[in-house]
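The structure appears right after this line, and notes come after that.
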Amino acid sequence: MNVEVNNESGVEIDAHGLMRLSRFVMSSLKLHPECELSIKLVDEDTMARYHVEFLDLPGPTDVMSWPMDELRPGPADEDDADLPLGHLGDIALCPTVAAAQGAKAGHGTWAELELLTVHGILHLLGYDHAEPAEKAEMWDIQGRLLEAWRAPGNRLEA
């Protein structure tokens, strides 16, 4: 899985860790082993600009996602060669917003960035949380992926 991380935020972030997490999530969701994902870390001004431009909402947000090839999770029993190949999409993360949210939630910046990365990937795959049933499904998948990622040994193997 090809994951590109560009840090334009001015904040020191473990880009390799974000790549490993993203590959873990994409593999867990049975995406083609050669699909692509781009992650861009941005400052609050850039994120606020994206937020207004794409969602017509004020102020910076934590994560935004732009799907590309409308890929979806593959069935567990499907051969990798049969999975659709393409560019999953682009994610923008704002580390300073993540830091504030992580502090408020009591789990810190890195845990918040992990959550936001998984959240962004799920949005790229068509998951949403506008309706209660959609939110329950997305939060369930997000929680299971984070739990699996944080299990002993997975961070090093991804």
Side-chain angles (χ1 to χ4, degrees), residues 1-6 13-42 47 50-51 54-55 57 60-95 97-158:
M1 314 230 157
N2 184 20
V3 179
E4 179 182 324
V5 176
N6 289 316
I13 297 296
D14 180 6
H16 188 67
L18 289 179
M19 285 186 275
R20 287 191 335 263
L21 168 61
S22 298
R23 287 186 191 113
F24 176 84
V25 170
M26 293 161 67
S27 177
S28 296
L29 294 172
K30 277 303 265 182
L31 297 179
H32 194 285
E34 294 179 28
C35 76
E36 300 175 348
L37 169 67
S38 299
I39 299 174
K40 186 176 184 180
L41 295 117
V42 298
M47 188 60 100
Y50 290 165
H51 208 202
F54 294 103
L55 295 175
L57 295 171
T61 189
D62 49 8
V63 60
M64 291 184 69
S65 301
W66 296 271
M68 295 295 187
D69 290 334
E70 297 184 16
L71 301 176
R72 297 294 178 257
D77 60 348
E78 192 165 350
D79 184 83
D80 286 349
D82 297 329
L83 297 170
L85 176 61
H87 185 82
L88 182 57
D90 301 325
I91 296 172
L93 298 170
C94 186
V97 172
Q101 290 177 177
K104 185 176 179 181
H107 57 229
T109 303
W110 182 250
E112 188 70 13
L113 284 170
E114 288 176 323
L115 183 146
L116 295 173
T117 300
V118 173
H119 190 85
I121 291 171
L122 290 175
H123 273 306
L124 293 177
L125 290 166
Y127 292 95
D128 201 1
H129 45 85
E131 299 296 326
E134 293 174 332
K135 182 178 179 178
E137 178 185 26
M138 187 173 182
W139 263 235
D140 178 60
I141 295 167
Q142 182 175 278
R144 285 188 284 122
L145 287 166
L146 285 166
E147 183 179 345
W149 165 249
R150 292 171 177 156
N154 277 343
R155 292 178 190 227
L156 300 175
E157 296 167 10

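Because the structure is predicted, anything quoted here is derived from the model rather than measured. Throughout, numbering of the chain's residues begins at 1 and tracks the sequence.
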To the nearest 0.5 Å, what is the distance between CD1 on I121 and CG on L31? 8.5 Å
Fit a plane to each ring of W139 and H119, take the angle between them on a 0 to 90° scale, and name the class: parallel (under 30°), tilted (30 to 60°) or perpendicular (over 60°). perpendicular
Gap between atom OG of S27 and atom NE2 of H32 - 0.5 Å precision: 12.5 Å
Testing M26, E34, E36 one by one against N2 for a side chain to side chain contact (heavy atoms under 4.5 Å, CB included), which residue passes? E36
Side chain proximity check, L122 to L29, heavy atoms < 4.5 angstrom: yes
S65 and G120 have their tightest heavy-atom pair at OG-O, 3.1 Å
Over 60° means perpendicular and under 30° means parallel, so tell me whether Y50 and W66 are parallel, tilted or perpendicular. perpendicular
To the nearest 0.5 Å, how far apart are CE in M19 and CE in M1? 15.0 Å
For the atom pair OG1 (T61) and CG (L55), what is the distance rounded to the nearest 0.5 Å? 8.0 Å
Nearest 0.5 Å please: distance from the OG atom of S38 over to the NE2 atom of H87. 4.0 Å
Minimum heavy-atom separation for L37 to G89, with atom names? CD1-O, 3.5 Å
What pair of heavy atoms forms the shortest contact from S28 to L145, and how long is it? CB-CD2, 3.7 Å
H129 side chain reached by H123 side chain, heavy atoms, under 4.5 Å: yes
Interatomic spacing from CG in D140 to CD in Q142 - rounded to 0.5 Å: 10.0 Å
Nearest heavy atoms of T117 and L21, plus distance in Å: CB-CD2, 3.9 Å
Which atom names give the shortest non-hydrogen contact between W110 and I13, and what distance separates them? CZ3-CG2, 4.3 Å
Side-chain contact test, heavy atoms from C-beta onward, threshold under 4.5 Å: evaluate it for K40 versus D90 and give yes or no. no
Shortest non-hydrogen contact from E112 toward A98: CG-O, 3.3 Å
